[in-house]
Trainee: 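Let me give you the structure first, and then I'll get to my questions.
Side chains are part of it too, since the values below use all heavy atoms of this structure and drop only hydrogens, waters and symmetry mates. A note on names: the letters A, B, ... follow the listed sequences, proteins ahead of strands, and every chain is numbered from 1.
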2 protein chains.
Amino acid sequence: MKEGPDIARIASLVGDPARANMLTALMDGGALTASELALEAGVSLPTASSHLAKLMDGKLLTVASQGRHRYYALSGTEVANMIEAISGVAAHSGPKRARPGPRDKSMREARVCYDHLAGDHAVAMFDRFVAEEIIVRDDEEIRLGPVGAGFFATIGIDTSTLGNSRRPMCRACLDWSVRRSHLAGSLGTAILDKILAEKWARRPAGSRVVEFTPPGRKAFEKLFLA
Amino acid sequence: MKEGPDIARIASLVGDPARANMLTALMDGGALTASELALEAGVSLPTASSHLAKLMDGKLLTVASQGRHRYYALSGTEVANMIEAISGVAAHSGPKRARPGPRDKSMREARVCYDHLAGDHAVAMFDRFVAEEIIVRDDEEIRLGPVGAGFFATIGIDTSTLGNSRRPMCRACLDWSVRRSHLAGSLGTAILDKILAEKWARRPAGSRVVEFTPPGRKAFEKLFLA
DNA sequence: TCCATGGTTCGATGGTAGTCGAAGCATTCT
DNA sequence: AGAATGCTTCGACTACCATCGAACCATGGA
């Protein structure tokens, strides 16, 4: 009967799966483009655009136009707190989270996260990069480490050309199946590109799964998990 | 694409206006019956029952069967925190809350909250009861004060018969238009009954508004707001 | 034992909101 | 300028779910 703030309105905004996916994708505080969010949410671009308009209308998101890109981000910590609180309840509620992650084993092992690799392999690779000081992480920020440029040069990735774009070369992306970070950004894209170019793995159509071939996996491990 | 806890599922539970009303009605930590919640939400009993089943399924509510009543309550502080967090965002988002409360002036002044009086008059009455030690509040608990039984006896309410039922005689109910407590429980019901029996006020059909007659208002003020 | 009251289930209805294809703007690169 | 990319708008379709009346169960009281 009390009708305080219109709680139902904004709860219903979060209540749609597509929008919820978008919001959680932005929970790291980063900004993503509409197309990236469309992929994250698993919907078409028009649909995503509609959802984004609704989220903007509810003031849950802010947008920054940069050239022909529109970068969407959470509008503030209050929104993040809310998502966090909802997640807490959901964790206690939902179907027993005995298996935290996707039902699909291969998805958990290796999948593509828009344009870079995610899953166990990606997290292991990220850890090794940090251990070897190929990349260094300063709190939230991630940069190429002292031996980084050299390392990537040896495997045919020219890091000097990756810094040009407005897009950050290195970005941390929280892996939902492992709950740890993996590498995104243009460098992450370059690595995924190489994996596919070398035919170490292929992507079954209509899925995010990345299927390594047996020799491909060996080569990948030798190169990135040495 | 991270698919952590099923946040959309429980957000959509809160996203329905009827359910949101129910949840906010329970935000004081109390327990209400299905019919009370139906009135709070402004829906029919079958509809309310369906919503309650869904909220139970999502583990947002607990239920305690007492006789033929079923008392629903929030399942824990985590749920309350979530509602609180959502309210915070909603306050920043929604249509300017210049007028915190109902658009209807008469509603804000006096209305019925299921079976007791709410609104400005009810809050003023509650304050006076506390000031005069007619009732005393111990934190969350409310009891009849030292002069309480005598006071109510003089106006024709026998408090000794009100304690029999399982229902608490005194209960605090948070008034949404003033954001302060008013009196619920069987004593609150008795007072409302008296007001209507004395014809100090009447209830237009199909509304929660309580319309005092001019002499009725005088009598009410003399008796309860002296 | 029978009635009254509080709740839930069932079935049918209607409205609303999510979805995508196609077309339309805007910006940037060649 | 022309082409390509990123994004939004429009229109039509669909599916889901909130809603309520009526019937059905359960408990408590006479």
Trainee: Taking Watson-Crick and G-U wobble pairs with both distances under 3.5 Å, convert DNA chain C into its dot-bracket string, 5' to 3', dots for unpaired and | for cross-strand pairs.
Mentor: ||||||||||||||||||||||||||||||

Trainee: Begin from the C-alpha positions of A:M125 and A:I191 and carry the test side chain to side chain contact (heavy atoms under 4.5 Å, CB included) through to its verdict.
Mentor: CA-CA 11 Å; A:M125 183 175 72; A:I191 292 174; 4.0 Å; yes

Trainee: For A:D57 and C:dG18, give me the distance from atom CG to atom C1', rounded to whole Å.
Mentor: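 Atom CG in A:D57 sits about 16 Å away from atom C1' in C:dG18.
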
Trainee: For D:dT27, take OP1 and OP2 only and decide whether either is under 4.0 Å from a side-chain N or O of B:S65.
Mentor: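 B:S65 to D:dT27 OP1/OP2: no side-chain N or O under 4.0 Å.
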
Trainee: Could you tell me which residues satisfy side-chain hydrogen bond (donor to acceptor under 3.5 Å, both in side chains) with B:K199, sequence neighbours excluded, listed by chain and number?
Mentor: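 side-chain hydrogen bond (donor to acceptor under 3.5 Å, both in side chains) check on B:K199 returns nothing, list empty.
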
Trainee: Let me know the distance between CG of B:N21 and P of D:dT19, rounded to the nearest Å.
Mentor: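 Those two atoms, CG and P, are 10 Å apart.
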
Trainee: What is the distance from CG of B:L37 to C1' of C:dT8, rounded to the nearest Å?
Mentor: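 After rounding, the gap between these two atoms is 15 Å.
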
Trainee: Compare side-chain N and O positions of A:K54 against OP1 and OP2 of C:dG18 and report whether any pair is under 4.0 Å apart.
Mentor: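 Yes, A:K54 has a side-chain N/O under 4.0 Å of OP1/OP2 on C:dG18.
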
Trainee: So does A:H51 get a side-chain nitrogen or oxygen closer than 4.0 Å to the phosphate oxygens (OP1/OP2) of C:dT19?
Mentor: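 Yes, within the criterion.
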
Trainee: Give a yes/no on whether any side-chain N or O of B:R70 is located under 4.0 angstrom from OP1 or OP2 of C:dT8.
Mentor: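 Affirmative; the distance criterion is met.
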
Trainee: Of all heavy-atom pairs between B:N21 and B:E40, which one has the smallest distance, and what is that distance?
Mentor: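 Closest heavy-atom pair between B:N21 and B:E40: CB-O, 4.0 Å.
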
Trainee: Please list each protein N or O that sits under 3.5 Å from an N or O in nucleotides 20-22 of chain C, with the distance.
Mentor:
unit_1: C:dC20; atom_1: OP2; unit_2: A:S44; atom_2: N; d: 3.0
unit_1: C:dC20; atom_1: OP2; unit_2: A:S44; atom_2: OG; d: 3.2
unit_1: C:dC20; atom_1: OP2; unit_2: A:T47; atom_2: OG1; d: 2.7

Trainee: Between P on D:dT5 and CD on A:E36, what's the gap in Å once rounded to a whole number?
Mentor: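 The distance from CD of A:E36 to P of D:dT5 comes to 16 Å, rounded to the nearest Å.
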
Trainee: Going by heavy atoms closer than 4.0 Å, what residues in residues 11-19 of chain A are next to DNA chain C?
Mentor: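 Only A:D16, A:A18, A:R19 qualify.
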
Trainee: Separation of B:L39 atom CG from D:dC20 atom P, in whole Å?
Mentor: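 Spelled out: CG on B:L39 to P on D:dC20 is 12 Å.
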
Trainee: In terms of side-chain heavy atoms, does B:T33 have a donor or acceptor partner in B:E36 at a distance below 3.5 Å?
Mentor: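 Note: B:T33 and B:E36 side chains meet the donor-acceptor criterion.
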
Trainee: A:R143 and A:I135: side chain to side chain contact (heavy atoms under 4.5 Å, CB included), yes or no, with the steps?
Mentor: CA-CA 6 Å; A:R143 296 190 316 273; A:I135 62 178; over 6 Å; no

Trainee: Write down the atom of B:L74, the atom of B:T62, and the distance for their closest heavy-atom approach.
Mentor: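 Closest approach of B:L74 to B:T62: O-OG1, 3.9 Å.
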
Trainee: Taking ring-ring contact (aromatic ring centres under 6.0 Å, His included) as the definition, give me every residue that meets it alongside A:F212, ordered by chain and number, with sequence neighbours left out.
Mentor: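 With sequence neighbours excluded, A:F212 shows a ring-ring contact (aromatic ring centres under 6.0 Å, His included) to A:H121, A:F220, given in chain and number order.
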
Trainee: Specify the separation, in whole Å, of atom CG of B:L52 and atom P of D:dC20.
Mentor: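 My rounded result for the distance is 14 Å.
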
Trainee: Measure the shortest side-chain to side-chain distance between A:L61 and A:L26 over non-hydrogen atoms and say whether it is less than 4.5 angstrom.
Mentor: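 A:L61 vs A:L26: side chains touch.
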
Trainee: Has B:E78 got more than 12 heavy atoms of other residues, nucleotides or ligands less than 6.0 Å from its CD?
Mentor: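 Atom CD in B:E78 is crowded, with more than 12 foreign heavy atoms closer than 6.0 Å.
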
Trainee: Return the set of residues passing side-chain hydrogen bond (donor to acceptor under 3.5 Å, both in side chains) with A:S50 (not counting sequence neighbours), or none when no residue passes.
Mentor: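 Only A:K54 meet the side-chain hydrogen bond (donor to acceptor under 3.5 Å, both in side chains) criterion with A:S50.
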
Trainee: Could you tell me the separation between the NE2 atom of B:H69 and the C1' atom of D:dC25, rounded to a whole number of Å?
Mentor: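 These atoms are roughly 16 Å apart.
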
Trainee: Which heavy-atom pair separates A:K59 from A:S75 by the least distance, and what is that distance?
Mentor: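 Shortest heavy-atom separation between A:K59 and A:S75 comes out as O-OG, 2.9 Å.
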
Trainee: Look at the side-chain N and O atoms of B:Y72 and state whether any lies under 4.0 Å from the OP1 or OP2 oxygen of C:dG6.
Mentor: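 B:Y72 to C:dG6 OP1/OP2: no side-chain N or O under 4.0 Å.
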
Trainee: Provide the closest heavy-atom pair for B:S44 versus B:A38 in the form atom of the first, atom of the second, distance.
Mentor: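 Minimum heavy-atom separation between B:S44 and B:A38: O-CB, 4.2 Å.
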
